[in-house]
Structures are given as structure tokens and as C-alpha cells.
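Read through the structure below, which is laid out as C-alpha cells, and then see the notes.
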Number of protein chains: 2
Amino acid sequence: MAHTDRPATLRDVATAAGVHPATASRALNPGTRLLVSEETARRVSDAADRLGYRPNPVARSLRTRRSHTIGVLIPDLNNPLFPPMIRGIEDRLAEHGYVALIGNTDVDLAKERLVFDQMRARHVDGFVLATAIAGSPILAEAAESDVPVVLMNRTSQEYPFSSVSVDNEQGVRAAVAHLVALGHTRIGHIAGPQDASTGAARLRGFHAAMATHKLPVTDGQVVYASAYSLEEGARCGRDLLAPGGLTAVVAGNDMLAVGCYGAFDELGLNCPGDISVIGFNDMPFIDRLRPPLSSVRFPHYQLGTEAATLLIERIEAAESPVKILFLAPELVVRGSAVPLADAGEGAGAVPLRRAGRGRT
Amino acid sequence: MAHTDRPATLRDVATAAGVHPATASRALNPGTRLLVSEETARRVSDAADRLGYRPNPVARSLRTRRSHTIGVLIPDLNNPLFPPMIRGIEDRLAEHGYVALIGNTDVDLAKERLVFDQMRARHVDGFVLATAIAGSPILAEAAESDVPVVLMNRTSQEYPFSSVSVDNEQGVRAAVAHLVALGHTRIGHIAGPQDASTGAARLRGFHAAMATHKLPVTDGQVVYASAYSLEEGARCGRDLLAPGGLTAVVAGNDMLAVGCYGAFDELGLNCPGDISVIGFNDMPFIDRLRPPLSSVRFPHYQLGTEAATLLIERIEAAESPVKILFLAPELVVRGSAVPLADAGEGAGAVPLRRAGRGRT
DNA sequence: CCAGCGTTAGAGAACGTTTGCCCACGCCAC
DNA sequence: GTGGCGTGGGCAAACGTTCTCTAACGCTGG
């Protein structure tokens, strides 16, 4: 309680307890507490309380070469996909005394390199990377140096990193199965960027699912988006649907699906009357659109907590095994995909309200 | 280039350049470069480049007692209001060599205290607080200790902190004026929590605007939400509209406005046919709802950059004056508010697509 | 009774910077 | 020729921890 102007240091505690700073350090650190007698330990921690001692993490970091800081690289915090993941990471990290530094790369390799280097200069203890793409030089560099890395949301075929992601193939299979159950057979796919594992896996899932249901997939039934953006969604929607013939679309993610809504309007197509669509990610507020978007949901927050857990494991037990973790997705059925027979009944058949959780 | 296993230290650079570490330090720091001869400075920085020297920020922090880290406290990162602000903060901070630590308080005072204390323990150089409420003990503590603080989005009457926020009164005035221009006279307000400056200022703006237009405001024409949530929006919408008589609502923010959409359905009211509504914040995707929500927009990103600028000013020039900065809002007209005469024409008259920026 | 061992704690050197102090040197003015 | 001054740069002490040695001490066992 007795507070001077300058915060109490370990030396202060030591003199107050009548011991050497080293002893005070030992007494205060859980790992070394058993090196001092119980009596001394108690006297030290009493003194520490009394002085309101807070260890200086900077000095500790300098000595231990551990910053208890980890770097998180994401494409863009504004993408509603990421905030829940970040919260998951931060909450789990906090339990272990770590904090996160967030870096946005804006899908720009130069910027990613810059942020990565800056974080390394700040001596982060490890990285959670949500930006993995095939052939990324950052991944190569991270693999070469032996800084602990965990991949989140995306995986890498090229490097042996632990990762936490969604079973994307399974998710798309569920979406296709749902559409088939509704009577659709002519189903298109808007594939996300193929250099990210999400885009590639979902495309694989699409082909696999169509094969399972013995449905042919012709050229033109799959179009490739160059980015997960509304604009690309609209463009791909046009390209996919302008020829006619398709009755349903599985979009690479919600952004592309919502972009499609624009294309529907342009082409004079009614959703879900003329065309059904299913997204991926189950973004917040997606249940409030007209029509509310059916989407493949996955536990964003848990993706973050699991990634943090894996990373801490790796940091604290240097030679823990590499783990590849997949979380199961779940199809959330809303109003954007309806039975084929219903075509023509028109939009608006599905009520706006409470079509899902009341998140956010 | 010549890289050993351990990263180059200042001493390495010094010996490589044939000078004392202190000289190397002076040569490398912009502020002290003029203390050494040009020739020496060049020799040192050459050596630094050659060795790939990166100053150790931890050691520097220990010596200078500056962490070049700032703490940002927000209620919840999942609230789409905050990501753009955070990006603004981070981008501006990065220009000055600072990084941000994000802390979520979940509107829980105990948690806020915890996060605040942890950040202080980590010796952050300053805070951006987006969580200010009247009577907050954190504000008191921050004011007492002399850690630099800038308030963002909300202001405080009680303490002399610099702040960056929106001219909330002006925003609500614009909303009311718009409704009045559309012929509405019986306008209700769903007020946000009154312990936050946003809620209070918007309520003031509402009363002021109604007075300007010589419109009476009776009891029951204003209801108070206890939180900016969809649930509270729905509840307040019900309470406000069940008695009947009102033709338009100005909501304390978008979340409350969207919550209202639910109440409209329950009460069998058609929006915008029977009831017009205007929100505040212009959240992402709000333009994709049915009907697309008219809302008061403000520059979220700039709120962040300005807050960061103010904070850095305060950190680096200790006695810079306190600045209270207001950014101007702007009414974005979409489909949720229509002329009174149009009542009965029904919803859906407003096209879904491109009702605003194509943001994400 | 003493060698040897385990336990507890002190001494002091790190960790990699920055910075106050001082000295040496060269130059100018007297 | 000497005193003084300005400039460039070395020295060493911080900053607050942790950690490796080492020493003191009390026991036990032969």
C-alpha cells in the first residue's frame, strides 16, 4: 500500500523482506518457489503485496528472451469473419499471460512481409497466421527460422505447421446434399481464390459431392473468383447464371453469395424463386438479408481459442507434435435455398425475423 | 548479410565499425546522430546494414521506459463499429513506430479494470479508451495517474481528456430534419444508454431538433434502451409503437434500429410503409437489409487515426493542450424512411442493390 | 567425529540498450 | 605560447529481471 512515486521494484521487495533480489525472484516465481524455504517465500510475498509490487515485464523479457506476446496476421480486420476469431485467440492467450499483436496485411505480400518483420523485431514468441496462401514467402521464412507458428482458418500443404481450420469439404458436401434433397441437380459453384486452402478445399468438396450424387459438372458450372469480395461475387454470379440452366449456386463464401444477390437483380432472377444460393461462413447479420442466406456455419471463436492453445503448447513445450485440427461445420438452413418445385412461388415466403441466432 | 545464429547486437555493430557501443547507439538514433561525425555515422550504419542489425526493442524499452505500445479498450471487437476504428488507430500508430494492444471489456467494469491494470503492468505508453461511461472508475484512475489518455467515440464531462468523437447532436438533427421534410411530425426516439455520451448527446439532439421544428415531444415518445443490442431495440420498438400514433422512429444506433425491424413484424407494421426508421452508425451490410436502413454515417476509420494522432501528440509532447475533436456525420438516405404520403404503398419499392458504398 | 550431501540463499554477471559524465584533441584568441 | 572552448567519442552506470555459481549450514552415515 505504501506507495512512493516510483513503482516498487524487485530490489525494493527484497530489501523489505531482508533478502537478496535473487531470492525474492525465486520466491515470487511459481516455477522456482520450491527453491526457497516456505518461511522466506511467505515473507517475500507479504512484502510484495505490501509494496504493491508488479514485476516489470520488459526487464523480464530482456532476461528471458520471451516477450509473452504473439503476432496475429489476418487479411483485414474489417472482414467480419475475423473479429470472433481474434477474440478467441485473445481470450485464450490472456489465460496464459500472453497478449496478441494484430497485423492486417490487406492481402498484400509486401505489407505482410513488413508486418511480419516488425513483429519479429519486437520479439514475439510466436505467430498465428490466418493469411496462408500457396507459395507464400512468409511461410517459407517462418518455417526456416524456428519461430512457433500456427495456421488458422487456412492450411498449408507445403510446410509442417500446426493448424486449426474448418472441414471445408464436408461443409460444401452438406450444402450440395441439401440442395440435392431439395430437388436441385443443376448446381453451380463460385470458387474462391485457389491459392488459399479454403477456396481449394471447398472446390474439391463441390466436385466430390456432385460425384457422390452422380451429377455431372460441366465447364462453366464453376467460375473462379479472384478475391472474396462482393464485386467478385457479382461478377461470378453473372458469368455463372447468364447462360441459364442452373437452379442453384454454392458460393465459396458469404461475401461471394451476397455479391450474387446483386447479379440476380441484374439478370432479373428471383432468389430463392428462380435460383437458390448457399454461402459459407455464416457471417453476422447474414440472417437479416432478404432472403436470409443459408450458409455453412463454423465456430469462429473456437477456431481462435484452439489456435491459441496449439501455439502456446508449441511455445512452452518446444517439441510437441504438429497437430492438424479440423472443426466441423454445420449447415444453417434459412430462406435462400428452397425446393425446386417451389420455383415461381416468389420471394418473401420466408419470414424475416428470427431466422437464426440473435448474434452480435 | 553475414548472419550468425544469434542476431546482431549493438555491440557487434560497434566492434565491426571500430567504435564504442555508445557511439554506435548515437549514430543510429535519429535524435542523437548529430552528436557524432558524419564519417563515423556512415561507418556505423554501414556496419549495421552489413550485419542486418535490428535494435532490440525490449532492451531499449527497459532503458527508456517507453514501450512504444498503446492500449486500446473497446466494449467488444465483434461490434462492427470497432474494426474500422481499430484499423485507423493501428495504421496511424504504425507510422510512428507504435503498436496497439486491444482489450475487450464486454461492458463489464471488473473486466475493464483487469484489462486496464494488465496493460499498465505491461507499461503501455498510453491509452485509447472507447469505453468511457459517466462515473467510470477507470477514467478516474487514468486521470489521477498521469498516463496519456485519449477518448474515442465517447467523451467525458468529468475529466479533461482529449477526445475524438462524432457530432452526435448534429447527426440526429439531420435525421429528424429529413423525416420532417418527408412530412413526418409524430417521431419517436429510442435512446441509447444515457451513461455513455453517445446516448446522451443523441437524445439531446433529438429534443433540440424537435424543438427547432416546433414539434411536441410527449412522454412515451422516447424510450430508453439499456444497451445497444438487437434485443433492446426490439423491446423498445414494441414499447414505442404499440400505443400507435407514431409514423417514424429515430433509433439511437443501427443495432437498435435493426432490432426494431423485429418489433415491426410482431406488431404487423410495414416498414417503411407504415413506419419509417433511421439508424446511426451506418454499419457494414446495413445497406443490404430489407429495407436498406437509412442511417447517420460517420468516418469510423478517421476516428481511429485522429485518436492515434492525438495520443501520440500527447505522449511525445508532454504538455500539449487537451483537444476535443468532433467529426461531422452525414445522413445516408436509403429505403427505410419514406414520405408520409407514401404510407400504404408497401415495402419493396426500394431496390435492394447498390444503395450505398460497396464496403465490407 | 568427519566426509559428504542436500538444501537454502547470497554474489554477481548477464540481457542490449541509452545517457550522463568526462576526457582528449584541435582550434582560436589573446 | 598558453588558456579556454567546442566537438567527437569513450567509459561505465544504469534499467529490472533471471540464472549460474558458489558458499554456508545442518544432517546423516560410516
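Order of the sequence lines sets the chain letters (A, B, ...), proteins ahead of strands, with each chain counted from 1. Quantities reported herein were computed from a predicted structural model and do not represent experimental measurements.
A:Thr40 comes within 4.0 angstrom of sugar-phosphate atoms only, judged by non-hydrogen atoms across all strands, and of no base.
Crowding of B:Glu39 atom CD: a count of heavy atoms from other residues, nucleotides or ligands under 6.0 Å exceeding 12.
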Nucleotide by nucleotide, nucleotides 12-20 of chain C touches protein heavy atoms under 4.0 Å in the pattern (B base, S sugar-phosphate only, - none) BBBBBBBBB

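If you take CZ of A:Arg43 and C1' of C:dA9, they are 11 Å apart, rounded to a whole angstrom. Across the protein-nucleic acid pair, A:Leu35 atom CG and D:dT20 atom P stand 11 Å apart, rounded to whole Å. Atom pair B:His123:NE2 and D:dC15:P shows a separation of 13 Å (rounding to whole Å applied).
Under a 4.0 Å N-O distance rule, the pair A:Asp76/B:Arg87 qualifies as a salt bridge. Using a cutoff of 4.0 Å between basic side-chain nitrogens and carboxylate oxygens, A:Arg92 and A:Glu95 are scored as salt-bridged. Salt bridge A:Asp46/A:Arg50: absent, no basic N to carboxylate O contact under 4.0 Å.
In this structure, the side chain of A:Asn153 does not engage the main chain of A:Ala130 through any donor-acceptor pair within 3.5 Å.
Residues B:Phe127 and B:Val150 have side chains not in contact (no heavy-atom distance under 4.5 Å, counting atoms from C-beta outward).
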